[in-house]
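Residue numbers start from 1 in every chain, and the chains themselves are labelled A, B, ... in the order their sequence lines are given, proteins ahead of strands. A quick note: this is a predicted structure, and the numbers were derived from the prediction, not measured.
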There are 2 protein chains.
Amino acid sequence: MSINPDPEPATAPSKPDLPDDPLALDNHLCFAVYSTSHAFSRLYRQQLARLGLTYPQYLVMLVLWETAPLPIKTIGERLMLDSGTLTPLLKRMEATGLINRERGSQDERQVLVTPTAAGLDLRAKAVGLPPSIACASGLDLDTLRAMAAKLTILRSNLLDEVNRE
Amino acid sequence: MSINPDPEPATAPSKPDLPDDPLALDNHLCFAVYSTSHAFSRLYRQQLARLGLTYPQYLVMLVLWETAPLPIKTIGERLMLDSGTLTPLLKRMEATGLINRERGSQDERQVLVTPTAAGLDLRAKAVGLPPSIACASGLDLDTLRAMAAKLTILRSNLLDEVNRE
DNA sequence: CACAAAATGATTGTGCACAATTTAAATTGC
DNA sequence: GCAATTTAAATTGTGCACAATCATTTTGTG
């Protein structure tokens with residue numbers, strides 16, 4: 001980590017006792033990502049309330065609006081979530097009438113997830129969200145695009161390391 | 001959102017049916033942040049296992065290694081977490097012997113959190129982590145610093161919007 | 001064909017996050 | 001001086017995340 005924007009002023013640091021401490025919270029990129037993720041989640045919670053969706057449920061709908069039906073496995077690969085997360089989440093979405101779940105006919109192991117008519121209708125109410133959030137971000141589209149691209153590279157590198165054990 | 005790096009190639013888009021769909025998952029910066037946060041969490045889970053810490057517990061220790069004792073309120077402001085998250089988390093940390101919790105003497109509402117000797121000793125085992133994670137990120141320090149700075153601005157803008165209702 | 005290995009989800013258990021409410025203590029306003 | 005308000009934590013309830021494990025089905029190989 002060690003993300004300290006100050007080039008060691010040596011005279012008037014904001015934290016005199018920790019001029020360039022790698023263990024300082026503010027030097028942790030992971031915390032910037034973690035806390036920004038929570039900030040997104042809170043803003044989406046407000047915006048998604050009227051759609052009756054949580055943020056992870058919104059992500060599932062994004063995937064299903066692109067392609068459907070899909071097995072849970074594919075949804076999990078797309079969102080990087082496992083069955084321990086998705087099985088109960090999808091059961092809640094089925095209970096609220098947004099999706100249907102049924103075993104695949106040619107492969108009985110799979111559970112195919114399909115949006116209901118209500119789930120498809122929700123898309124029209126969701127189209128206003130991305131522009132609204134982009135506006136709230138206060139950053140221009142080029143900056144947002146550049147951040148997403150760098151984060152995707154970072155994520156890929158981190159996951160490579162995780163899988164290297 | 002609308003984070004599409006392609007300037008509308010019109011001829012060979014990677015997703016022919018969704019050339020520049022604002023509702024496409026890959027156009028959501030929030031998902032890049034969300035999934036990168038999970039990737040960090042998984043890598044830290046591996047690295048922190050030998051310290052007996054979860055990632056949020058590690059963040060609490062970072063705060064306490066900077067300043068202690070601290071009331072729960074201050075820890076929550078620093079990490080942007082509320083008492084509903086911190087109270088049980090700190091109780092678990094007390095149970096594992098990393099911190100002590102005691103009511104403040106001058107203000108009986110407060111619970112002051114202090115690292116134990118074991119909690120302070122853990123710092124020596126944690127110093128290797130930030131460089132290890134920075135290496136795993138595969139990005140140079142300037143890039144990491146720049147990302148953290150932009151995320152901090154983004155987070156601030158998002159939270160302003162949340163509090164504007 | 002048989003049968004071991006792999007793939008797909010479901011289940012179980014732990015630990016965050018957070019909204020909403022409650023309790024108790026401190027502060028304020030009159 | 002004391003009721004009304006504010007503040008700090010705790011509690012309650014819901015919903016992710018994820019490791020570990022299990023059951024079922026499919027597939028690969030002799």
K.L.:
In whole angstrom, give the distance that lies between atom CD of B:Gln110 and atom P of D:dA10.
P.N.:
12 Å
K.L.:
Starting at the 5' end of DNA chain C, which residue's closest nucleotide do you reach first, A:Arg101 or B:Gln57?
P.N.:
A:Arg101
K.L.:
Using a 4.0 Å heavy-atom cut-off across all strands, classify B:Pro88 as base, sugar-phosphate, or nothing.
P.N.:
nothing
K.L.:
Examine D:dC16: is either OP1 or OP2 under 4.0 Å from a nitrogen or oxygen in the side chain of A:Thr54? Give yes or no.
P.N.:
yes
K.L.:
By the 4.0 Å heavy-atom rule, please label B:Ser83 as base, sugar-phosphate, or nothing.
P.N.:
base
K.L.:
Taking only the side-chain nitrogens and oxygens of B:Lys73, find out if one of them lies under 4.0 Å from OP1 or OP2 of C:dA25.
P.N.:
no
K.L.:
When the distance from CD of A:Gln46 to C1' of C:dA19 is rounded to whole Å, what number comes out?
P.N.:
12 Å
K.L.:
Run the salt-bridge test on B:Arg101 and B:Glu94 with the 4.0 Å N-O cut-off and return the result as yes or no.
P.N.:
yes
K.L.:
Starting at CG of B:Leu70 and ending at P of D:dA8, how long is that distance when rounded to a whole Å?
P.N.:
14 Å
K.L.:
Would you indicate what A:Thr85 reaches in the nucleic acid, counting non-hydrogen atoms under 4.0 angstrom: base, sugar-phosphate, or nothing?
P.N.:
base
K.L.:
Without decimals, in angstroms, what is the distance between B:Glu108 CD and D:dT7 P?
P.N.:
19 Å
K.L.:
For A:Met80 and D:dC16, what is the distance between atoms CE and P respectively, to the nearest whole Å?
P.N.:
19 Å
K.L.:
Taking for each residue the nucleotide of DNA chain C bearing the nearest heavy atom, is the 5' side occupied by A:Ala39 or by B:Gly104?
P.N.:
A:Ala39
K.L.:
Can a side chain N or O of A:Arg92 be found less than 4.0 Å away from OP1 or OP2 on D:dT14?
P.N.:
no
K.L.:
May I ask you to check whether A:Phe40 and B:His28 place their ring centers less than 6.0 Å from one another?
P.N.:
no
K.L.:
Under 4.0 Å: is that the gap between some side-chain N or O of B:Gln106 and OP1 or OP2 of C:dA26?
P.N.:
no
K.L.:
Strictly below 4.0 Å, N to O, side chains only: are B:Glu161 and B:Arg164 in salt-bridge contact?
P.N.:
yes
K.L.:
Between D:dA9 and B:Thr87, counting only base atoms on the nucleotide and side-chain atoms on the residue, is there a donor-acceptor pair under 3.5 Å?
P.N.:
no
K.L.:
Under 4.0 angstrom, heavy atoms only, what part of the nucleic acid is A:Leu86 near: base, sugar-phosphate, or nothing?
P.N.:
nothing
K.L.:
Taking the six-membered ring for Trp, are A:Tyr55 and A:Tyr44 parallel (under 30°), tilted (30 to 60°) or perpendicular (over 60°)?
P.N.:
tilted
K.L.:
Mind calculating the distance between NZ (B:Lys91) and P (D:dA8) to the nearest angstrom?
P.N.:
18 Å
K.L.:
Is B:Arg123 salt-bridged to A:Asp21, cutoff N-O under 4.0 Å?
P.N.:
yes
K.L.:
Rounded to the nearest Å, what distance is computed from the CG atom of residue A:Asp107 to the C1' atom of nucleotide C:dG9?
P.N.:
11 Å
K.L.:
Taking only side-chain nitrogens and oxygens of B:Arg45, does any of them come within less than 4.0 Å of OP1 or OP2 of C:dC16?
P.N.:
no
K.L.:
Report yes if a donor N or O on one partner sits less than 3.5 Å from an acceptor N or O on the other, where the partners are the side chain of A:Arg109 and the base of D:dT24; otherwise report no.
P.N.:
no
K.L.:
Rounded to whole Å, how long is the line connecting atom CG of B:Asp82 with atom C1' of D:dA9?
P.N.:
11 Å
K.L.:
Within less than 4.0 Å of OP1 or OP2 of D:dA17, is there a side-chain N or O belonging to B:Tyr34?
P.N.:
yes
K.L.:
Has the side chain of B:Ser37 got a donor or acceptor atom that lies under 3.5 Å from a matching backbone atom of B:Tyr34?
P.N.:
no
